[in-house]
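Here is the structure we will look at, set down as structure tokens.
Within every chain, numbering begins at 1; the chains are lettered A, B, ... in the order of the sequence lines, protein sequences first and strands thereafter. From a predicted model like this one, the values you see are computed outputs, not experimental measurements.
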2 protein chains.
Amino acid sequence: MADDILALESFLPYRLNRLADAVSREFAGTYRDRHGLTRPEWRVFATLGQFGTMTATAIGAHSAMHKTKVSRAVVALEQRKWLMRTPDASDRRIEHLALTKAGVTAYREMVPLAKAFEKELLRRLKRAQATALMEGLTALEAGLLGSGAASAPGTAHQSITTLPELPLFMASKPSR
Amino acid sequence: MADDILALESFLPYRLNRLADAVSREFAGTYRDRHGLTRPEWRVFATLGQFGTMTATAIGAHSAMHKTKVSRAVVALEQRKWLMRTPDASDRRIEHLALTKAGVTAYREMVPLAKAFEKELLRRLKRAQATALMEGLTALEAGLLGSGAASAPGTAHQSITTLPELPLFMASKPSR
DNA sequence: GTAAATTTGTTTCAAACGTAACCATCGAAA
DNA sequence: TTTCGATGGTTACGTTTGAAACAAATTTAC
């Protein structure tokens with residue numbers, strides 16, 4: 001590789017981003033059929049499902065989401081009747097957030113799907129002898145982005161099962 | 001870990017996304033001071049810098065970007081005088097895109113920055129004995145997202161050098 | 001040779017986004 | 001106790017986004 005050229009296919013940040021995006025889209029495909037959550041909504045949902053009751057700030061810190069995203073996701077989940085707010089006894093700025101019964105039910109349905117999805121991801125990694133990080137990334141790229149994607153310009157990406165929309169996790173900027 | 005709980009901190013897609021986002025932001029910090037490219041613009045720019053002349057479709061396929069993103073990025077780079085369009089001789093639908101002299105100059109300045117950034121990323125990985133993929137991801141998370149980020153809710157993310165904005169690579173949906 | 005289908009790239013439109021400004025509340029300092 | 005800075009969370013505003021519709025050119029099918 002010439003020294004004055006940056007080979008994108010092997011540039012770690014680039015690979016990470018393409019890979020993360022492809023994984024999100026793929027997972028969305030396994031899940032979006034059930035309910036149409038946005039990425040922030042899914043994240044808040046999954047965080048509350050895991051930890052039970054939390055404040056909006058805590059969710060944002062844990063999942064690296066901007067507080068406005070959390071705020072809007074909370075509103076959306078609330079309208080969906082999956083989330084409930086409870087005012088704090090001693091500090092009226094704080095709201096304790098938790099999943100409703102319906103939310104917990106949905107969460108219980110989601111968990112096995114997510115685990116199965118991850119298992120499949122890891123299976124692909126294993127099969128490609130993904131022991132080192134770079135090898136692992138390469139294997140995932142090959143599996144998710146199509147074989148030629150990272151090597152030849154103009155290559156189609158048909159192997160990605162077409163996913164019209166619906167993002168899922170995607171981090172964003174944490175509130176400073 | 002209970003079987004009916006999904007532990008987000010160790011959920012591969014979640015980790016990948018948070019990690020990719022953190023890496024993007026960090027890299028943006030090293031680069032955004034020079035010029036204020038958006039993510040799609042940076043991608044088109046880097047792709048053309050690497051491959052020379054390409055069509056918009058080829059760029060989209062290679063970098064997994066939606067064609068509208070490519071279209072808008074091309075317009076922006078053209079206005080910046082970093083990109084030039086040349087009509088195809090035999091097919092008038094096609095435009096061949098290439099960096100201008102100014103674009104190439106900017107590219108030459110960018111390449112060493114990107115390489116240095118990646119080197120630093122890999123150095124962190126090595127130091128954390130990132131031989132296996134999961135270990136590598138963990139190391140990157142520890143380095144980029146703050147030590148407690150992935151383990152305890154409510155943990156601050158101060159270790160991310162604050163990056164007001166400017167995305168960089170981020171994949172998107174390839175045109176079908 | 002012409003109609004239909006495809007391809008290339010742009011535009012439109014509604015949704016999602018981040019920044020900044022904002023309100024309300026709290027804690028600390030004087 | 002009053003004031004002032006910090007904190008929890010929402011709202012407003014301009015920008016970015018993807019899906020879908022589109023125009024223009026080309027290829028395919030008949």
Side-chain angles (χ1 to χ4, degrees), chain A residues 21 24-25 28 32 36-44 54-61 64-79 83 85-97 154 156 158 160 162-176, chain B residues 21 24-25 28 32 36-44 54-61 64-79 83 85-97 154 156 162-176:
Chain A
D21 187 68
S24 274
R25 288 177 191 285
R32 68 183 230 92
L37 297 182
T38 65
R39 273 181 287 212
E41 283 161 32
W42 190 92
R43 282 197 165 202
V44 169
M54 285 175 93
T55 66
T57 299
I59 293 174
M65 276 202 297
H66 190 91
K67 61 179 182 174
T68 60
K69 263 189 184 172
V70 175
S71 176
R72 290 185 258 239
V74 165
V75 169
L77 289 171
E78 192 179 22
Q79 287 175 345
L83 180 148
R85 309 185 194 224
T86 314
D88 184 88
S90 60
D91 188 339
R92 278 183 296 173
R93 292 172 303 180
I94 296 176
E95 288 173 322
H96 297 283
L97 308 173
Q158 307 302 3
I160 301 178
T162 47
L163 302 176
E165 221 266 315
L166 181 53
L168 282 189
F169 347 72
M170 243 351 266
S172 67
K173 184 188 169 194
S175 58
R176 44 193 152 131
Chain B
D21 186 67
S24 274
R25 287 177 192 285
R32 69 185 230 91
L37 296 182
T38 66
R39 272 181 290 211
E41 283 162 29
W42 191 92
R43 282 197 165 204
V44 169
M54 288 175 90
T55 66
T57 300
I59 292 174
M65 277 203 296
H66 190 93
K67 61 180 180 174
T68 61
K69 263 189 186 171
V70 175
S71 175
R72 290 184 257 239
V74 165
V75 169
L77 289 172
E78 192 179 21
Q79 288 174 344
L83 180 149
R85 309 184 194 225
T86 314
D88 185 87
S90 60
D91 188 338
R92 277 182 297 172
R93 291 172 306 182
I94 297 175
E95 288 172 323
H96 297 283
L97 308 173
T162 48
L163 303 176
E165 221 268 315
L166 180 55
L168 282 192
F169 347 72
M170 243 353 264
S172 68
K173 185 188 170 194
S175 58
R176 41 192 151 138

For the OG1 atom of T55(A) and the CZ atom of R93(A), what is their distance to the nearest 0.5 Å? 11.0 Å
Working to the nearest 0.5 angstrom, can you tell me the gap between T57(A) OG1 and E95(A) CD? 10.0 Å
Please tell me if the side chains of V44(A) and R72(A) come closer than 4.5 Å, counting only heavy atoms from C-beta onward. no
With respect to the phosphate group of dT8(C), does any side-chain polar atom (N or O) of R85(B) fall under 4.0 Å of OP1 or OP2? no
Once you round it to whole Å, what is the distance between C1' of dT17(D) and CZ of R43(B)? 14 Å
First locate atom CG of L83(A), then atom CG of L77(A), and finally report the distance between them rounded to the nearest 0.5 Å. 5.5 Å
How many Å lie between NE2 on H66(B) and P on dA16(C), as a whole number? 16 Å
Determine whether L97(A) and E78(A) make a side-chain contact, defined as any pair of heavy atoms from C-beta on separated by less than 4.5 Å. no
Looking at the base of dG18(C), is there any donor atom on it, or on the side chain of R72(A), that sits under 3.5 Å from an acceptor on the other one? yes
Atom-pair distance (CG on D21(B); C1' on dG18(C)), nearest Å: 12 Å
When you check every protein heavy atom under 4.0 Å of nucleotides 2-8 of chain D, what one-letter string (B, S, -) results, 5' to 3'? ----BBS
d(CG, D88(A); P, dG27(C)) in whole Å: 10 Å
Tell me the interatomic distance from L77(B), atom CG, to dT10(C), atom P, rounded to whole angstroms. 12 Å
Within the pair K69(B) and dT16(D), is there a side-chain N or O less than 4.0 Å away from OP1 or OP2? no
To the nearest 0.5 Å, what is the distance between CE (M65(A)) and CG (D21(B))? 11.5 Å
Between dC23(C) atom C1' and R92(A) atom CZ, what is the distance in whole Å? 14 Å
Check whether any side-chain N or O of S71(B) sits under 4.0 Å from OP1 or OP2 of dG9(C), and answer yes or no. no
